[in-house]
There are 2 protein chains.
Amino acid sequence: MCVAGKSSTKRKILELGESLLQRLGYNGFSYHHIAQELGIKNAAIHYHFPTKEALGIEIVQRTRTRFTKWVNHPENRVKPVRQQFDWFINSYSYNLKSQHRVCLIGSLATDYYTLPPSMQSVINELTDEIQKWMARLLDHGRQSGVVDFQGSSQDKAVCILSSLTGSLQLARLLGDDFFYRNIKQIYLDLNFTY
Amino acid sequence: MCVAGKSSTKRKILELGESLLQRLGYNGFSYHHIAQELGIKNAAIHYHFPTKEALGIEIVQRTRTRFTKWVNHPENRVKPVRQQFDWFINSYSYNLKSQHRVCLIGSLATDYYTLPPSMQSVINELTDEIQKWMARLLDHGRQSGVVDFQGSSQDKAVCILSSLTGSLQLARLLGDDFFYRNIKQIYLDLNFTY
DNA sequence: GTCTATACCTTGATAGAC
DNA sequence: GTCTATCAAGGTATAGAC
């Protein structure tokens, strides 16, 4: 037992599960993958997560908690738009560098209609939260003259989030450069003043 | 037997397989799905496609053939840039309208590391061909003054392809409007002169 | 070309000992 | 918390009759 948070094993399962989910897809990884890599048995995982669904939900909620915490942290809320934007972009670059993971949302989106409804719900909420945050950030940036672009902030946010999701996936087929080209173009099209 | 092309059943399997692949992912559909929906038995599918890998490859190659044929057709090659671009965009809209399919490439990209190497190859080739075509189209469009954008044609192509791939997926979570907002923004950012 | 029957494997999940 | 043992279900694939 671990008083302050999850037991070591539980945390390891969550982290590896997240990695596998992003590397192989929800239907592409199994408890066996986890068991083998952690040197434990199938049943041990079921002790921490009774069902695969339960594991999946906690993986998503963990990501959401991380995002919400960062975004709402007083220190970060007052950061320049550029810095907040960079932080978000970097989280995608991190995925690319970590064995070419695709983003959690994209991974679950392609498997969406094979997922239990409970998982569909949590991934919806996460995505909605990110979308709204990005639209607000762009709007704020434009009003303060830091960025410039055509159209509504929401449409621009949609476009950027989509291309981040997609480029992480296509980079698997066409090479890392595909992702970095996309990033470059995104920054170019935002006309940052500094 | 069917002299001019595939037997009726084989074609039905291919079409349904493509649909299932784009709706449920490569690891999310099985021969049982196909058998049930077509009212045939498991073994009948194996007669036409000895392995799932063989089926997957032919689905991808069919898509590639369709693309190559359209793009290289003399009639289409001389079409205005705008019309060629619209055709491509519409093929994505069609996926959205067809039970929220994601694009074939995006679907296989998330499952990429669980796929047999032979499938990885064909999907790579398809994607590369599309990417190059799009870059050429944008380049041609800019030189003839039909579109205007910042940066290289290749980077812009990467950005557009990525966002199309991603928005089709995220529209499953956040609604069809997500996809259409992306389309709107893409056109806006290209500054078509007509 | 399609069927029945079946082999074999992987998967998610449970029971009960330690 | 972790193990052994086991299960039922579902997956791909094959053999052979029709």
Original post:
Just how far, in rounded Å, is P of C/dT11 from CG of A/L55?
Top reply: 15 Å
Original post:
Under the criterion side-chain contact (heavy atoms from CB on, under 4.5 Å), which of B/L55, B/T127, B/L108 is the partner of B/V60?
Top reply: B/L108
Original post:
Side chain of B/A44: nearest nucleotide among D/dC3, C/dT2, D/dT14?
Top reply: C/dT2
Original post:
Tell me: CD1 of B/I13 to P of D/dT12, nearest whole Å?
Top reply: 13 Å
Original post:
Less than 4.0 Å between a side-chain N and a carboxylate O, is that true for B/K10 and B/E15?
Top reply: no
Original post:
Of the nucleotides C/dT2, C/dA13, D/dA13, which one has an atom closest to the side chain of A/N42?
Top reply: C/dA13
Original post:
Should A/K41 be listed as having a side-chain N or O under 4.0 Å from OP1 or OP2 of D/dC3?
Top reply: no
**OP:** Tell me whether the OP1 or OP2 atom of C/dT2 has a side-chain N or O from B/T9 closer than 4.0 Å.
**Re:** yes
Original post:
What's the CD1-C1' distance between B/I34 and D/dA13, to the nearest Å?
Top reply: 14 Å
Original post:
Can you find a side chain N or O atom of A/S30 that sits less than 4.0 Å from OP1 or OP2 on C/dT11?
Top reply: yes
Subject >> Euclidean distance, atom OH of residue B/Y31 to atom P of D/dG11 [Å, nearest integer] >> reply: 13 Å
Original post:
With a 4.0 Å cut-off on heavy atoms, is B/F29 in touch with a base, just the backbone sugar-phosphate, or nothing at all?
Top reply: sugar-phosphate
**OP:** Output yes when at least one side-chain N/O atom of A/H48 is less than 4.0 Å from OP1 or OP2 of D/dT2, else no.
**Re:** yes
Original post:
Is any side-chain N of the basic residue among B/R66 and B/E18 closer than 4.0 Å to the acidic one's carboxylate O?
Top reply: yes
Original post:
Can you check the A/H46 NE2 to C/dG16 C1' distance for me, whole Å?
Top reply: 16 Å
Subject >> Result of checking B/F88, B/W133, B/W87 against B/W70 for ring pair (Phe, Tyr, Trp, His ring centres under 6.0 Å) >> reply: B/W87
Original post:
Under 3.5 Å, is there a donor-acceptor pair between the A/H100 and A/D176 side chains?
Top reply: yes
Original post:
Between atom CD1 in A/I40 and atom P in C/dC18, what is the gap in whole Å?
Top reply: 22 Å
Subject >> Euclidean distance, atom CG of residue A/L38 to atom P of D/dG1 [Å, nearest integer] >> reply: 15 Å
**OP:** Round to a whole Å and report the spacing from CD1 of B/I45 to C1' of C/dT2.
**Re:** 11 Å
**OP:** Using only side-chain N and O atoms of B/Y47, determine if any of them is under 4.0 Å from OP1 or OP2 of C/dT2.
**Re:** no
Subject >> Side chain of A/A43 - closest among D/dC3, C/dG12, C/dT2 >> reply: D/dC3
Original post:
Starting at the 5' end of DNA chain C and moving along, which residue's nearest nucleotide shows up first, A/P50 or A/H32?
Top reply: A/H32
